[in-house]
Q: 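Questions regarding the structure given below will be posed in turn.
Predicted model, so just to flag it, every value in this text is computed and none were measured. In what follows, every heavy atom counts, from backbone to side chain, and hydrogens, waters and symmetry copies are set aside. Letters A, B, ... mirror the listed sequences (proteins, then strands); counts begin at 1.
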Amino acid sequence: MRFLLFDRVLHFEEGRRIVASKAFSMQDEALRGHFPRSPLVPGALLVEAMLQTLGWLILRTHGFKVLPLFSMMEDATVASDLAPGVLLEVEGELDSTHGKGSMGRAVVRHEGRVVASIGRVLFGHYPVPDPEALRRTFSVYGRLA
Amino acid sequence: MRYLLLDRIEEVAPDRARGWKTVAMSEDFLEWHFPERPILPGSLVLEAFAQLAGWHEALTSGFSRWFLVERVASARYFGFSGPGDRVDLALEVVPTGDPARRAYRGEASVGGERRAAVELEGTVVALDDLDDRARVERLSQALRGVRMTPASRGGRP
(Lines give C-alpha, C1' and ligand atoms only; values in the text may rest on other atoms or scores of the structure.)
Protein backbone atom coordinates (compact mmCIF):
# COMPACT_ATOMS: atom_id res chain seq x y z
CA MET A 1 0.00 0.00 0.00
CA ARG A 2 1.14 3.47 -0.81
CA PHE A 3 0.43 6.15 1.71
CA LEU A 4 0.21 8.96 -0.84
CA LEU A 5 -2.89 10.98 -0.22
CA PHE A 6 -3.05 13.40 -3.13
CA ASP A 7 -3.10 12.54 -6.82
CA ARG A 8 -2.23 15.61 -8.84
CA VAL A 9 -1.14 19.20 -8.32
CA LEU A 10 -3.41 21.59 -10.18
CA HIS A 11 -1.91 24.87 -9.06
CA PHE A 12 1.30 25.78 -7.27
CA GLU A 13 2.57 29.11 -5.93
CA GLU A 14 5.91 28.68 -4.24
CA GLY A 15 5.81 29.44 -0.53
CA ARG A 16 2.16 30.46 -0.64
CA ARG A 17 -0.54 28.26 -2.05
CA ILE A 18 -1.23 24.86 -3.58
CA VAL A 19 -4.31 23.21 -5.08
CA ALA A 20 -4.28 19.45 -5.61
CA SER A 21 -6.80 16.78 -6.44
CA LYS A 22 -7.50 13.58 -4.54
CA ALA A 23 -9.86 10.84 -5.66
CA PHE A 24 -11.40 8.35 -3.27
CA SER A 25 -12.66 5.30 -5.12
CA MET A 26 -14.62 2.26 -4.03
CA GLN A 27 -11.37 0.33 -4.60
CA ASP A 28 -9.67 2.12 -1.67
CA GLU A 29 -8.57 -0.60 0.75
CA ALA A 30 -9.37 1.47 3.83
CA LEU A 31 -13.05 1.38 2.87
CA ARG A 32 -13.23 -2.40 3.25
CA GLY A 33 -13.32 -1.97 7.00
CA HIS A 34 -14.64 1.59 7.12
CA PHE A 35 -17.38 0.36 6.92
CA PRO A 36 -18.51 -3.02 5.54
CA ARG A 37 -22.15 -1.96 5.07
CA SER A 38 -21.54 1.67 4.32
CA PRO A 39 -18.18 2.75 2.86
CA LEU A 40 -17.30 6.19 4.24
CA VAL A 41 -14.10 8.13 3.59
CA PRO A 42 -12.31 8.22 6.97
CA GLY A 43 -11.87 11.74 8.31
CA ALA A 44 -8.27 10.94 9.28
CA LEU A 45 -7.45 10.35 5.61
CA LEU A 46 -9.01 13.70 4.65
CA VAL A 47 -6.75 15.26 7.28
CA GLU A 48 -3.75 13.34 5.91
CA ALA A 49 -4.58 14.54 2.35
CA MET A 50 -4.48 18.15 3.57
CA LEU A 51 -1.22 17.57 5.48
CA GLN A 52 0.49 15.89 2.53
CA THR A 53 -0.63 18.57 0.08
CA LEU A 54 0.76 21.29 2.36
CA GLY A 55 3.83 19.10 2.95
CA TRP A 56 4.50 18.97 -0.79
CA LEU A 57 4.21 22.77 -1.01
CA ILE A 58 6.78 23.08 1.79
CA LEU A 59 9.09 20.39 0.33
CA ARG A 60 9.21 22.05 -3.06
CA THR A 61 9.44 25.57 -1.66
CA HIS A 62 12.57 24.56 0.26
CA GLY A 63 14.08 22.48 -2.54
CA PHE A 64 13.67 19.17 -0.65
CA LYS A 65 16.23 20.39 1.92
CA VAL A 66 13.80 20.12 4.84
CA LEU A 67 11.31 17.42 5.78
CA PRO A 68 8.13 19.03 7.17
CA LEU A 69 6.60 17.02 10.00
CA PHE A 70 3.19 17.91 11.36
CA SER A 71 3.27 18.89 15.03
CA MET A 72 -0.02 20.64 15.83
CA MET A 73 -3.39 21.49 14.38
CA GLU A 74 -6.43 23.38 15.57
CA ASP A 75 -9.99 23.81 14.46
CA ALA A 76 -10.26 20.95 11.95
CA THR A 77 -13.50 19.62 10.53
CA VAL A 78 -14.22 16.45 8.55
CA ALA A 79 -17.46 15.26 6.95
CA SER A 80 -18.73 12.03 8.47
CA ASP A 81 -20.94 11.14 5.48
CA LEU A 82 -18.58 11.22 2.49
CA ALA A 83 -19.03 8.12 0.30
CA PRO A 84 -16.42 6.98 -2.26
CA GLY A 85 -16.57 7.89 -5.94
CA VAL A 86 -15.56 11.46 -5.30
CA LEU A 87 -12.91 13.66 -6.87
CA LEU A 88 -11.87 16.16 -4.22
CA GLU A 89 -10.02 19.44 -4.47
CA VAL A 90 -7.49 20.08 -1.72
CA GLU A 91 -6.34 23.66 -1.23
CA GLY A 92 -3.52 24.55 1.12
CA GLU A 93 -2.13 27.95 2.04
CA LEU A 94 0.95 28.86 4.01
CA ASP A 95 0.81 31.86 6.33
CA SER A 96 4.52 31.57 7.00
CA THR A 97 7.41 29.30 6.12
CA HIS A 98 11.08 29.55 7.01
CA GLY A 99 13.99 27.24 7.76
CA LYS A 100 12.65 25.90 11.04
CA GLY A 101 8.94 25.57 10.45
CA SER A 102 5.76 26.42 8.60
CA MET A 103 2.26 27.48 9.52
CA GLY A 104 -0.76 27.13 7.28
CA ARG A 105 -4.35 26.07 6.73
CA ALA A 106 -6.23 23.90 4.29
CA VAL A 107 -9.65 23.06 2.96
CA VAL A 108 -11.09 20.13 0.97
CA ARG A 109 -14.03 20.65 -1.37
CA HIS A 110 -16.31 18.29 -3.22
CA GLU A 111 -18.26 20.01 -5.99
CA GLY A 112 -18.10 23.25 -4.04
CA ARG A 113 -19.09 21.76 -0.66
CA VAL A 114 -16.44 21.96 2.06
CA VAL A 115 -15.91 18.39 3.29
CA ALA A 116 -12.85 19.02 5.46
CA SER A 117 -10.76 21.88 6.75
CA ILE A 118 -7.91 22.74 9.08
CA GLY A 119 -7.98 26.19 10.64
CA ARG A 120 -4.33 26.21 11.66
CA VAL A 121 -1.55 23.69 11.30
CA LEU A 122 2.11 23.79 12.27
CA PHE A 123 4.95 21.80 10.75
CA GLY A 124 8.41 21.46 12.25
CA HIS A 125 11.21 21.19 9.69
CA TYR A 126 13.78 18.43 9.97
CA PRO A 127 17.11 18.31 8.15
CA VAL A 128 17.37 16.12 5.07
CA PRO A 129 20.84 14.58 4.69
CA ASP A 130 20.44 13.99 0.95
CA PRO A 131 17.87 16.29 -0.73
CA GLU A 132 18.49 14.71 -4.15
CA ALA A 133 17.62 11.27 -2.79
CA LEU A 134 14.40 12.67 -1.30
CA ARG A 135 13.54 14.31 -4.61
CA ARG A 136 14.11 10.99 -6.39
CA THR A 137 11.98 9.15 -3.84
CA PHE A 138 9.10 11.40 -4.65
CA SER A 139 9.78 11.12 -8.38
CA VAL A 140 6.46 9.26 -8.39
CA TYR A 141 5.16 12.82 -8.30
CA GLY A 142 7.82 13.89 -10.81
CA ARG A 143 5.47 15.14 -13.48
CA LEU A 144 4.17 17.62 -10.95
CA ALA A 145 7.53 19.09 -10.07
CA MET B 1 -5.05 -3.60 3.99
CA ARG B 2 -7.15 -3.60 7.09
CA TYR B 3 -8.08 -0.30 8.58
CA LEU B 4 -7.87 -1.27 12.23
CA LEU B 5 -5.81 1.30 14.11
CA LEU B 6 -6.31 -0.28 17.50
CA ASP B 7 -4.85 -3.54 18.82
CA ARG B 8 -6.26 -3.72 22.29
CA ILE B 9 -9.15 -2.33 24.31
CA GLU B 10 -8.02 -2.43 27.94
CA GLU B 11 -10.85 -0.67 29.69
CA VAL B 12 -14.22 0.80 28.83
CA ALA B 13 -16.19 2.70 31.47
CA PRO B 14 -19.06 5.19 31.02
CA ASP B 15 -16.70 8.16 31.27
CA ARG B 16 -13.47 6.79 29.77
CA ALA B 17 -11.71 4.18 27.67
CA ARG B 18 -8.15 2.92 27.40
CA GLY B 19 -6.46 0.91 24.69
CA TRP B 20 -3.31 0.69 22.67
CA LYS B 21 -1.91 0.62 19.17
CA THR B 22 1.38 -1.11 18.52
CA VAL B 23 3.50 0.04 15.59
CA ALA B 24 5.19 -2.64 13.47
CA MET B 25 7.96 -2.15 10.90
CA SER B 26 5.85 -4.28 8.53
CA GLU B 27 3.03 -1.73 8.37
CA ASP B 28 2.52 -0.60 4.81
CA PHE B 29 2.12 3.11 5.40
CA LEU B 30 5.63 3.33 6.88
CA GLU B 31 7.16 2.68 3.46
CA TRP B 32 6.14 6.17 2.41
CA HIS B 33 5.92 7.85 5.77
CA PHE B 34 8.82 8.31 5.48
CA PRO B 35 11.35 6.48 3.36
CA GLU B 36 14.20 5.45 5.68
CA ARG B 37 12.48 7.28 8.52
CA PRO B 38 9.40 5.35 9.68
CA ILE B 39 7.02 7.47 11.75
CA LEU B 40 3.44 6.69 12.74
CA PRO B 41 1.46 9.43 10.92
CA GLY B 42 -0.20 11.89 13.29
CA SER B 43 -3.43 11.51 11.31
CA LEU B 44 -3.47 7.80 12.15
CA VAL B 45 -2.98 8.57 15.86
CA LEU B 46 -6.15 10.60 15.40
CA GLU B 47 -7.83 7.64 13.71
CA ALA B 48 -6.78 5.35 16.58
CA PHE B 49 -8.53 7.71 19.01
CA ALA B 50 -11.60 7.90 16.74
CA GLN B 51 -11.76 4.09 16.65
CA LEU B 52 -11.35 3.80 20.42
CA ALA B 53 -14.21 6.30 20.74
CA GLY B 54 -16.23 4.12 18.34
CA TRP B 55 -15.61 1.08 20.52
CA HIS B 56 -16.50 3.08 23.61
CA GLU B 57 -19.83 3.97 22.02
CA ALA B 58 -20.45 0.39 20.84
CA LEU B 59 -19.55 -1.23 24.15
CA THR B 60 -21.60 1.21 26.24
CA SER B 61 -24.67 0.94 23.96
CA GLY B 62 -24.95 -2.86 23.67
CA PHE B 63 -23.49 -2.68 20.14
CA SER B 64 -26.27 -0.44 18.87
CA ARG B 65 -24.24 2.71 18.11
CA TRP B 66 -20.89 3.87 16.73
CA PHE B 67 -19.07 7.19 16.86
CA LEU B 68 -17.94 9.18 13.80
CA VAL B 69 -15.55 12.10 14.18
CA GLU B 70 -16.59 15.46 12.70
CA ARG B 71 -14.35 17.97 14.39
CA VAL B 72 -10.85 18.00 15.81
CA ALA B 73 -10.69 21.02 18.08
CA SER B 74 -6.98 20.42 18.58
CA ALA B 75 -4.30 17.80 18.06
CA ARG B 76 -0.82 18.33 19.50
CA TYR B 77 2.16 16.05 19.12
CA PHE B 78 5.07 16.03 21.55
CA GLY B 79 7.21 13.38 19.93
CA PHE B 80 7.16 10.74 17.23
CA SER B 81 6.08 7.13 17.55
CA GLY B 82 7.52 4.44 15.34
CA PRO B 83 8.18 0.72 14.88
CA GLY B 84 8.48 -1.14 18.17
CA ASP B 85 6.43 1.39 20.11
CA ARG B 86 3.24 0.56 21.93
CA VAL B 87 1.16 3.71 21.87
CA ASP B 88 -1.11 3.79 24.92
CA LEU B 89 -4.34 5.68 24.36
CA ALA B 90 -6.42 7.17 27.16
CA LEU B 91 -9.77 8.69 26.26
CA GLU B 92 -11.95 10.78 28.53
CA VAL B 93 -15.60 11.57 27.76
CA VAL B 94 -16.44 15.28 27.78
CA PRO B 95 -20.16 15.90 28.38
CA THR B 96 -21.90 17.71 25.49
CA GLY B 97 -25.49 18.11 26.72
CA ASP B 98 -26.68 16.82 23.32
CA PRO B 99 -27.65 13.13 23.18
CA ALA B 100 -26.62 12.90 19.51
CA ARG B 101 -23.17 14.47 20.00
CA ARG B 102 -20.04 13.16 21.66
CA ALA B 103 -16.82 14.86 22.70
CA TYR B 104 -13.60 13.33 23.97
CA ARG B 105 -10.18 14.34 25.21
CA GLY B 106 -7.42 11.89 24.46
CA GLU B 107 -3.83 11.45 25.48
CA ALA B 108 -1.32 9.14 23.82
CA SER B 109 1.88 7.98 25.49
CA VAL B 110 4.72 5.57 24.90
CA GLY B 111 6.32 4.04 28.00
CA GLY B 112 4.65 6.69 30.15
CA GLU B 113 5.98 9.55 28.03
CA ARG B 114 3.32 11.80 26.51
CA ARG B 115 3.28 11.79 22.69
CA ALA B 116 -0.03 13.40 21.71
CA ALA B 117 -3.09 15.19 23.08
CA VAL B 118 -6.28 15.50 21.08
CA GLU B 119 -9.79 16.92 21.42
CA LEU B 120 -12.41 15.23 19.23
CA GLU B 121 -16.10 15.82 18.62
CA GLY B 122 -18.61 14.04 16.48
CA THR B 123 -21.88 12.28 16.02
CA VAL B 124 -23.31 8.87 16.83
CA VAL B 125 -24.88 6.61 14.21
CA ALA B 126 -26.69 3.27 14.28
CA LEU B 127 -24.11 0.48 14.19
CA ASP B 128 -26.45 -1.67 12.06
CA ASP B 129 -26.07 0.87 9.24
CA LEU B 130 -22.29 0.42 9.21
CA ASP B 131 -21.59 -3.20 9.98
CA ASP B 132 -22.96 -6.52 11.19
CA ARG B 133 -23.53 -6.21 14.92
CA ALA B 134 -22.55 -9.83 15.69
CA ARG B 135 -19.31 -9.46 13.71
CA VAL B 136 -18.43 -6.27 15.57
CA GLU B 137 -19.15 -7.98 18.88
CA ARG B 138 -16.78 -10.86 18.02
CA LEU B 139 -14.10 -8.41 16.91
CA SER B 140 -14.50 -6.57 20.22
CA GLN B 141 -13.66 -9.80 22.04
CA ALA B 142 -10.46 -10.21 20.05
CA LEU B 143 -9.58 -6.59 20.83
CA ARG B 144 -10.24 -7.15 24.51
CA GLY B 145 -7.90 -10.14 24.50
CA VAL B 146 -10.57 -12.78 25.08
CA ARG B 147 -8.91 -16.09 24.20
CA MET B 148 -10.62 -18.94 22.39
CA THR B 149 -11.38 -22.00 24.50
CA PRO B 150 -10.41 -25.35 22.87
CA ALA B 151 -13.38 -27.53 21.93
CA SER B 152 -12.01 -30.24 24.27
CA ARG B 153 -12.59 -27.86 27.18
CA GLY B 154 -16.08 -26.86 26.22
CA GLY B 155 -15.32 -24.14 23.66
CA ARG B 156 -18.13 -23.62 21.19
CA PRO B 157 -17.89 -22.36 17.62
Q: Show, in sequence, the C-alpha distance, side-chain angles and deciding distance for A/E48 and B/E47, and conclude whether the side chain to side chain contact (heavy atoms under 4.5 Å, CB included) test is met.
A: CA-CA 10 Å; A/E48 185 64 25; B/E47 180 63 29; over 6 Å; no
Q: What I want to find out is whether B/D129 reaches A/R37 closely enough, with some N-O distance under 4.0 Å, to be called a salt bridge.
A: no
Q: Are the side chains of A/M73 and B/V72 in touch, meaning some heavy atoms are under 4.5 Å apart?
A: yes
Q: With the side chain counted from C-beta on, respond yes when B/Y3 and A/D28 share a heavy-atom pair under 4.5 Å apart, and no when they do not.
A: no
Q: State, to 0.1 Å, how close A/S80 and B/V69 come at their nearest heavy-atom pair, and which atoms those are.
A: CB-O, 4.0 Å
Q: Where does A/L69 contact chain B at under 4.5 Å (heavy atoms): side chain, backbone, both or neither?
A: side chain
Q: Would you mind reporting whether A/F3 and B/D28 have side-chain heavy atoms less than 4.5 Å apart?
A: no
Q: Given the options A/D75, A/V47, A/L134, A/V121, which has more heavy-atom pairs under 4.5 Å with chain B than any of the others?
A: A/D75
Q: Contact between A/L40 and B/L130 at the side-chain level, heavy atoms closer than 4.5 Å - yes or no?
A: yes
Q: Evaluate the criterion side chain to side chain contact (heavy atoms under 4.5 Å, CB included) for residue pair B/F34 and A/Y126; output intermediate values, then yes/no.
A: CA-CA 12 Å; B/F34 290 89; A/Y126 290 78; over 6 Å; no
Q: Can you confirm whether B/V125 sits close enough to A/F35 that some side-chain heavy atom of one is under 4.5 Å from a side-chain heavy atom of the other?
A: no
Q: Going by atom types only, do A/E74 and B/S74 share a side-chain donor-acceptor pair under 3.5 Å?
A: no
Q: Check whether B/F78 gets within reach of chain A through its side chain, its backbone, both or neither, counting any heavy atom under 4.5 Å.
A: neither
Q: By a 4.5 Å heavy-atom criterion (distance strictly below it), what part of A/L46 contacts chain B: side chain, backbone, both, or neither?
A: neither
